[in-house]
Structures are given as structure tokens and as C-alpha cells.
Amino acid sequence: MMVPAALLLLGALTAVVAPRLLARADWPDREPVVALWVWQCAVAAVLLCCALSMTLSAAAAWQAVRGHVFASAPSAVVDAYALGSTGPWAAATAVALACGGLWSAAMLVREVVRAGARRRRRRADLLVRAPLLPGEEPVSGPLVVLEGERPDAWWLPGAAPQLVIATAALRRLKGRQLDAVLAHEEGHARARHDWLLHCSAALAGGFPQVPVFAAFRDEMHRLVELAADDMASRRFGRLTTALALVELNEDRGVFGPCPTPQAHVPQRVHRLLTPPDRLTAMRRLKLTAAAALVPVIPVLVALVPGLRALG
């Protein structure tokens with residue numbers, strides 16, 4: 001039972017240390033794409049620790065599972081894990097972790113179903129506010145203009161994703177600012193940020209008492225916006241993208257002294273107006289490679305007894 005316990009301790013250590021290290025680092029805002037990758041690797045390592053611990057605990061508790069896990073392993077490898085001297089805790093640990101895994105899957109399904117329902121409601125509302133005229137064919141283009149007095153724009157995901165923009169926003173956005181808004185939303189769609197948000201929301205909703213999952217959800221919401229801002233600014237300039245953000249959000253009170261749900265918008269504008277201070281390509285590569293190695297550590301911990309037995 002030493003290896004499953006070590007994996008659980010490693011998962012707990014990763015869950016505590018990784019968010020603190022990322023919170024203290026000064027580069028995530030400068031390199032949001034790299035930060036998204038690092039967060040995903042850290043959370044994947046935590047989940048992998050739990051999955052491997054569940055597998056080895058189940059193998060220790062039940063002979064049938066052990067036969068499948070170690071089907072082709074030499075007897076020396078099986079003996080190295082000391083599966084027969086685990087006591088009653090092995091079954092309890094395996095069942096608890098299996099329930100956690102099933103609960104995570106259920107939360108992800110719930111999040112996807114809710115997102116689909118929200119998307120259908122928005123499409124239905126879009127048809128109500130912009131109905132098709134008799135004989136008019138549905139338009140499947142990437143841009144839909146909606147009559148509205150409030151400057152607004154949002155991406156409507158789906159099989160044929162569309163950017164919905166209000167006429168008030170068209171009156172406010174000047175020059176290439178509309179192109180910057182379109183590039184921002186296209187960046188979300190191309191990078192499949194919706195799935196990152198679904199997974200992070202499922203983990204945070206399923207395990208609200210686990211701080212790493214709540215931090216993962218909050219950072220995903222923040223970092224995907226920064227990454228999309230960078231995609232737009234690379235094509236149309238940082239100033240154009242910042243001005244587009246201001247024009248779309250000026251009437252919502254986000255630039256006032258009172259906090260609002262869009263309180264991150266002023267920080268995004270300030271970031272775009274500040275000269276870029278990106279990491280060097282070599283440091284980005286090192287961070288990416290180091291993050292990719294984090295989920296490998298639980299696998300190595302799980303394999304250590306077997307590798308030792310094989311000499």
C-alpha cells in the first residue's frame with residue numbers, strides 16, 4: 001500500500017504547491033498560452049495521481065483486478081508491490097477514488113449539457129430578435145448583426161459558430177476595431193477554450209472544497225481572455241484591441257471605482273496598452289517542457305517498484 005499512499009501524497013503536494021508557484025510567478029500574464037498549458041499539466045498530474053492510486057489499490061484489494069493490471073508481469077514485479085499485505089484500506093481507497101472519478105465525469109456531463117442548453121436558448125433568442133422573413137434562407141456566415149441599443153458582441157459556439165454583434169457596437173467600433181473583436185472571438189473558437197472552461201467548471205463544481213480546482217477555474221476564465229487578446233493584437237495591434245475593449249465595455253461601469261463582474265476588463269486594457277514584455281523563445285520552450293514532465297512523475301512513482309524488481 002506504500003505506492004498508492006505515495007501517489008496520493010504526491011497529488012496533494014502538487015495541488016498545494018502548483019497554484020502557489022503560479023500565483024507568485026510574474027510571467028503568466030505575459031505568456032497566457034504557456035500558463036494555460038502549465039495549469040493543465042498540473043491538474044492532469046493531480047488527477048493522474050488519483051487514477052493510479054485507485055488502480056493499484058483496487059489491484060491490492062481484489063484478485064480479479066490484479067489479474068488484469070499485472071496480467072503479463074513477472075511474479076517478481078507483482079511481489080515488489082506487496083499487494084497482499086495492504087489490509088482493509090485498499091478496498092476503501094479504491095472505492096472512494098472510483099466514486100470521485102465517476103462524480104467528476106458526471107459533473108463534466110452536467111456542465112456540457114448546461115452549456116448546450118444555454119447555447120440553444122441563445123440561438124432561440126437570436127431567432128426571436130432577428131426572425132427570418134418569409135422566403136429568406138438562414139445565413140450561416142461567421143457574423144450576425146443584431147439590432148440593439150447596448151454595445152455587445154459575443155461568440156455563439158456550435159457546428160457553425162457565429163459572432164453576434166449589436167448595431168450599437170457597430171456604431172461604436174471604428175476602423176479595424178471590429179476586426180479585432182472578430183479575431184478575439186475566433187481565437188477562442190480555434191483554441192477550443194470552451195472545453196477548457198467546461199472541464200475547469202466541472203472540477204470546481206464537483207469538488208468545491210478543493211482549492212486547486214477553484215483556482216484552476218478562475219485562472220482559465222482569466223487566461224483564455226488574455227490569450228484571445230494576444231491573438232487579436234498580433235493581427236490588428238494592441239492599441240486597436242484595447243480601444244475595442246473600451247468601446248464595448250465603457251457603458252457597463254467596469255472602469256469605475258465599484259467592482260463589477262467584468263472587473264478584469266480594465267486590467268486587460270492596461271496590459272494591452274503596456275509595451276509587450278514577452279519571455280524569450282528558449283524560456284517559453286523550457287517552461288513548456290518542464291510542465292509536460294509534471295504528469296510523468298506520477299507514472300514514474302507507480303513504476304518504481306516494478307523497475308527495481310526487474311533490476
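If you're wondering where the values come from, they're calculated on a predicted model, not measured in any experiment. Side chains are part of it too, since the values below use all heavy atoms of this structure and drop only hydrogens, waters and symmetry mates.
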Search all heavy atoms of T241 against all heavy atoms of A232 and return the closest pair with its distance.
OG1-C, 3.7 Å

Looking at R171, I'd like to know if its CZ atom is crowded, meaning that more than 12 non-hydrogen atoms belonging to other residues, nucleotides or ligands lie closer than 6.0 Å.
yes

What's the shortest heavy-atom distance between P28 and L223, and which atoms?
O-CD2, 4.0 Å

Between L9 and V299, is there a shared hydrophobic cluster once you connect ILVMFWY residues whose side-chain heavy atoms come closer than 4.5 Å?
no

Min side-chain heavy-atom separation D179-L173 under 4.5 Å:
no

Keeping R238 on the side-chain end and S233 on the backbone end, is there a donor-acceptor pair under 3.5 Å?
no

Flag if over 12 foreign heavy atoms under 6.0 Å of CH2, W103:
no

Would you check, one step at a time, whether the test side chain to side chain contact (heavy atoms under 4.5 Å, CB included) holds for L8 with T93?
CA-CA 10 Å; L8 289 178; T93 302; 4.2 Å; yes

Could you measure the distance from the CZ atom of R278 to the CZ atom of R284? Nearest 0.5 Å is fine.
4.0 Å

Within the side chain of T240, is there an N or O that forms a donor-acceptor pair under 3.5 Å with the backbone of G237?
no

Between L178 and V145, is there a shared hydrophobic cluster once you connect ILVMFWY residues whose side-chain heavy atoms come closer than 4.5 Å?
yes

Can you hop from L47 to M107 via hydrophobic side chains spaced under 4.5 Å?
yes

In terms of heavy-atom contacts, P295 and A45 come closest through CA-CB, 4.0 Å

Just wondering, do F207 and S104 contact through their side chains at under 4.5 Å, heavy atoms?
yes

Flag side-chain contact, heavy atom, 4.5 Å: F216 against P19
no

If I compare all heavy atoms of V38 with all of A291, which pair ends up nearest, and what's the gap?
CG2-CB, 3.8 Å

Verify side chain to side chain contact (heavy atoms under 4.5 Å, CB included) between V43 and L203, making sure each step is shown before the conclusion.
CA-CA 10 Å; V43 172; L203 288 172; 3.8 Å; yes

H188 and H193 aromatic ring geometry - parallel, tilted or perpendicular at 30°/60° bounds:
perpendicular

Do L303 and L52 land in one hydrophobic cluster if side-chain heavy atoms of ILVMFWY residues count as linked below 4.5 Å?
yes

About how many Å separate CD of E147 and CG of L170, when rounded to the nearest 0.5 Å?
10.0 Å

Considering only heavy atoms from C-beta outward, does the side chain of W39 approach that of L196 to under 4.5 Å?
no

Donor-acceptor pair, distance only, cut-off 3.5 Å: does the side chain of W37 make one with the backbone of T288?
yes

Is the closest side-chain heavy-atom distance between V33 and D230 below 4.5 Å?
no

Sub-4.5 Å side-chain heavy-atom contact between I297 and L10
yes

Looking at A18 and A42, what are the two nearest heavy atoms and their distance?
CB-CB, 3.8 Å

Does the side chain of R172 reach to within under 4.5 Å of the side chain of L248, using non-hydrogen atoms?
no

For the pair E111 and R118, evaluate salt bridge (Lys or Arg N to Asp or Glu O under 4.0 Å) and give the outcome as yes or no after the intermediate values.
CA-CA 10 Å; E111 182 64 27; R118 288 193 298 267; 3.7 Å; yes

Please round to the nearest 0.5 Å and tell me the distance separating atom CG of L243 and atom CD of Q177.
5.0 Å

Residues L239, L272; criterion side chain to side chain contact (heavy atoms under 4.5 Å, CB included); working and verdict
CA-CA 7 Å; L239 179 60; L272 287 167; over 6 Å; no

Determine, step by step, whether L22 and W27 satisfy the side chain to side chain contact (heavy atoms under 4.5 Å, CB included) criterion, reporting the C-alpha distance in whole Å, the side-chain angles of both residues, the deciding distance to 0.1 Å, and the verdict.
CA-CA 9 Å; L22 286 167; W27 57 265; 4.0 Å; yes

So if I apply the side chain to side chain donor-acceptor pair (under 3.5 Å) rule between D29 and each of R268, Q267, R222, which one comes out positive?
R222

Establish whether M54 and L48 are linked, either directly or via other cluster members, by ILVMFWY side-chain heavy-atom contacts under 4.5 Å.
no

Is the shortest side-chain heavy-atom distance between L245 and H184 below 4.5 Å?
no

Answer yes or no: does atom NZ of K286 have more than 12 heavy-atom neighbours from other residues, nucleotides or ligands under 6.0 Å?
no

Using every non-hydrogen atom in the two residues, find where R271 and D229 come nearest and quote the distance to one decimal.
NH1-CB, 4.4 Å

To the nearest 0.5 Å, tell me how far E185 CD sits from L182 CG.
8.5 Å

Is there a donor-acceptor pair under 3.5 Å between the side chain of E31 and the backbone N or O of L279?
yes

Hey, could you give me the CD/CZ distance between E186 and R235, rounded to the nearest 0.5 Å?
6.0 Å

Rounded distance (nearest 0.5 Å) linking atom SG of C49 with atom CG of L97
11.0 Å

